[in-house]
Amino acid sequence: IPVQVRSELTLVAQSFPGLSHKYKLMDKIGEGTFSSVYKAMDLRDVTKKSFANVGWMSQMEYKRGHPLVALKLIYVTSSPQRILNELQLLHSLVGCPNVAPLVDALRYEDQVIAVLPYYKHADFRDFYRDLPLSGVRIYMRELLEALSFVHEKKIIHRDIKPTNFLYDPFTRRGVLVDFGLAERECVPDPSACPCVKGGLSNDEIPPENILPTTGYLKDDSRPGRRANRAGTRGFRAPEVLFKCPNQTTKIDIWSAGVMLLTLLARRFPFFNSSDDIDALTELTAIFGRDAMKKCARLHGLGFECNLPHLEYMHPFGSIVYVAVLLDAREGDTFADDSPAWELLSALDKNGRPTDTPLGKDYAEALALLRECLMLDYKERVTADEALQLDFFTRHTA
Ligand code: ADP
Ligand code: MG
């Protein structure tokens with residue numbers, strides 16, 4: 001352990017009276033925007049007493065007979081409301097092997113520490129290029145099992161991404177962490193967004209010519225729109241980008257789809273936008289303008305974009321894109337007789353997998369991808385539905 005980290009551990013232990021009797025700090029394992037996370041020994045074995053005999057608790061790590069824990073020191077800059085929210089949600093999410101349970105919580109003045117079991121995991125950047133399709137299946141199954149549990153409790157995680165899903169490629173176990181942005185799903189409010197009743201009807205659609213074809217509308221007098229946009233760029237669902245106030249657990253499914261896309265295309269980060277407008281443009285390049293327009297309309301908005309249509313647009317546009325990338329990975333250029341086109345024919349008109357030279361397994365993975373990346377959240381699968389797709393059910397765990 002570097003000297004700097006060692007002195008930081010000492011500082012943390014000193015600034016939190018009583019901590020060192022309960023937990024022995026061993027190392028620093030993470031630093032985010034809202035917290036620092038440390039690896040520690042649970043000297044009183046509370047982790048063991050609470051969880052050692054419960055069936056759903058996956059393998060616990062030990063050191064000198066003591067369970068290992070992760071101490072999440074939440075920065076004092078987080079609002080008390082926000083810290084309480086995270087702890088309450090964590091507390092209500094105990095009982096799934098794929099969701100890290102709250103073991104203990106400590107407070108000293110304005111400092112709060114959440115205690116979780118420690119999960120050995122690998123850095124996503126070290127394995128995403130090498131995970132074979134069978135590994136992608138297990139990774140996604142673990143993630144969707146976690147989401148199924150969280151969503152059943154009507155909780156939206158809001159920040160599904162690789163650093164918040166701790167995966168160990170050797171044991172092939174994955175655990176969801178970081179409920180810092182999580183929230184309860186609200187009852188949909190039809191007056192807040194037309195998506196609740198299926199989007200704008202034809203006579204509610206404003207004429208297209210009120211919008212300029214290039215650039216922004218000058219002196220726009222229409223009221224602005226506000227919605228929760230918490231999350232991470234590149235993983236935001238279209239309804240978040242379109243500032244829909246009725247956000248549902250489906251926003252997590254979208255982010256899980258982006259993770260699958262990353263694993264299949266072996267590109268990380270896959271999306272690399274600097275803002276929401278950029279992010280919409282990236283989606284337009286994949287799904288096409290018409291699909292984006294339709295999605296905007298669902299949320300009561302117009303959508304104008306002067307990007308040319310992709311030349312090779314397919315009803316399942318995103319799949320073309322992955323196929324192209326898979327193809328590029330093999331070092332070939334995109335040509336009419338390339339495997340990309342064969343991959344395309346891996347799905348029939350209804351998006352169901354068919355057999356192809358590249359294998360039915362890939363076709364099944366693409367079918368899952370398609371279902372997770374539906375622009376319309378009502379058409380997007382739930383975690384439970386996703387787990388019933390052939391990609392999972394045709395292969396035993
Ligand atoms: P933040 O809100 O700052 O992003 P996280 O809860 O995501 O905090 O934790 C930050 C990092 O700390 C994670 O990406 C992970 O590497 C590590 N970490 C968090 N919880 C655990 C845990 N229970 N076991 C092992 N490592 C953890
Ligand atoms: Mg995090």
Side-chain angles (χ1 to χ4, degrees), residues 151 154 156-160 181 183-258 271 273-307 309-310 313 315-318 370-382:
H151 292 173
K154 299 256 178 284
I156 315 177
H157 182 281
R158 288 208 75 98
D159 203 15
I160 298 297
L181 297 177
E183 57 176 10
R184 286 183 198 282
E185 195 177 48
C186 295
V187 182
D189 172 8
S191 72
C193 185
C195 69
V196 180
K197 55 170 187 63
L200 290 181
S201 66
N202 269 339
D203 48 291
E204 286 169 313
I205 297 168
E208 302 252 322
N209 59 13
I210 71 156
L211 294 168
T213 47
T214 54
Y216 293 97
L217 192 63
K218 281 207 187 81
D219 307 319
D220 193 345
S221 60
R222 296 168 302 170
R225 213 175 183 206
R226 284 186 151 270
N228 189 349
R229 288 175 50 263
T232 299
R233 69 197 180 94
F235 293 90
R236 288 195 185 103
E239 60 270 30
V240 179
L241 298 174
F242 283 132
K243 299 200 180 89
C244 170
N246 290 314
Q247 295 172 20
T248 68
T249 52
K250 297 283 184 71
I251 71 171
D252 292 341
I253 300 292
W254 175 277
S255 311
V258 175
F271 294 114
S273 54
S274 51
D275 59 31
D276 284 359
I277 301 294
D278 249 19
L280 286 168
T281 313
E282 285 181 330
L283 294 185
T284 311
I286 294 180
F287 293 90
R289 269 187 306 201
D290 294 345
M292 293 302 287
K293 241 180 205 178
K294 194 171 156 213
C295 181
R297 201 171 274 175
L298 178 71
H299 300 291
L301 302 177
F303 182 76
E304 289 299 327
C305 176
N306 59 354
L307 266 190
H309 279 262
L310 274 188
M313 190 49 70
F316 318 128
S318 59
R370 173 179 181 270
E371 299 298 328
C372 291
L373 295 182
M374 283 288 175
L375 290 171
D376 180 345
Y377 68 93
K378 288 180 178 172
E379 289 174 19
R380 207 175 297 150
V381 276
T382 63

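Excluded from the calculations below are hydrogen atoms, water molecules and symmetry mates; all remaining heavy atoms, backbone and side chain alike, are included.
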Residue list, salt bridge (charged side-chain N to carboxylate O under 4.0 Å, His left out) with [X], at least two apart or on another chain:
X: Arg225; answer: none
X: Asp278; answer: none
X: Glu185; answer: none

Item to check | Other residues, nucleotides, ligands: >12 heavy atoms within 6.0 Å of Lys378 NZ | outcome: yes

Residues which pass side-chain hydrogen bond (donor to acceptor under 3.5 Å, both in side chains) with [X], listed by chain and number, not counting sequence neighbours:
X: Thr248; value: none
X: Asp159; value: Asn164, Thr232
X: Arg236; value: Asp276

Less than 4.5 Å apart, any side-chain heavy atom of [X] and any of [Y]?
X: Thr281; Y: Ser273; result: no
X: Arg297; Y: Phe242; result: no
X: Leu373; Y: Val258; result: yes
X: Cys372; Y: Trp254; result: no

In Å, rounded to the nearest 0.5 Å, how long is the span from [atom1] of [X] to [atom2] of [Y]?
X: Leu298; Y: Phe303; atom1: CG; atom2: CZ; answer: 14.0 Å
X: Ile156; Y: Cys186; atom1: CD1; atom2: SG; answer: 7.0 Å
X: Glu304; Y: Met292; atom1: CD; atom2: CE; answer: 12.5 Å
X: Leu375; Y: His299; atom1: CG; atom2: NE2; answer: 9.0 Å

Checklist entry - What do the steps show when you test Thr382 against Ile253 for side chain to side chain contact (heavy atoms under 4.5 Å, CB included), and what is the final call? => result CA-CA 7 Å; Thr382 63; Ile253 300 292; 5.7 Å; no

Closest heavy-atom pair and its distance - [X], [Y]:
X: Ile160; Y: Phe235; result: O-CD2, 3.6 Å
X: Gly231; Y: Leu181; result: N-CD1, 3.7 Å
X: Gly234; Y: Phe271; result: O-CD1, 3.4 Å

Checklist entry - Could you go step by step and tell me if Ile251 and Arg158 meet the side chain to side chain contact (heavy atoms under 4.5 Å, CB included) rule? => result CA-CA 7 Å; Ile251 71 171; Arg158 288 208 75 98; 3.9 Å; yes

Show me, pair by pair, the donor-acceptor contacts under 3.5 angstrom made by side chains of residues 188-196, not counting sequence neighbours?
from, atom 1, to, atom 2, distance (Å)
Asp189, OD1, Ser191, N, 2.9
Asp189, OD1, Ser191, OG, 2.8
Asp189, OD2, Ser191, OG, 3.3

Item to check | Side-chain donor/acceptor of Thr249 to backbone N/O of His151, under 3.5 Å | outcome: no

Next on the checklist: Would the distance check show the side chain of Gln247 and the main-chain N or O of Val240 forming a donor-acceptor pair, the cut-off being under 3.5 Å?
Outcome noted: no

Checklist outcome for this item: Here the salt bridge (charged side-chain N to carboxylate O under 4.0 Å, His left out) pairs for residues 237-255, sequence neighbours left out, are Glu239-Arg380

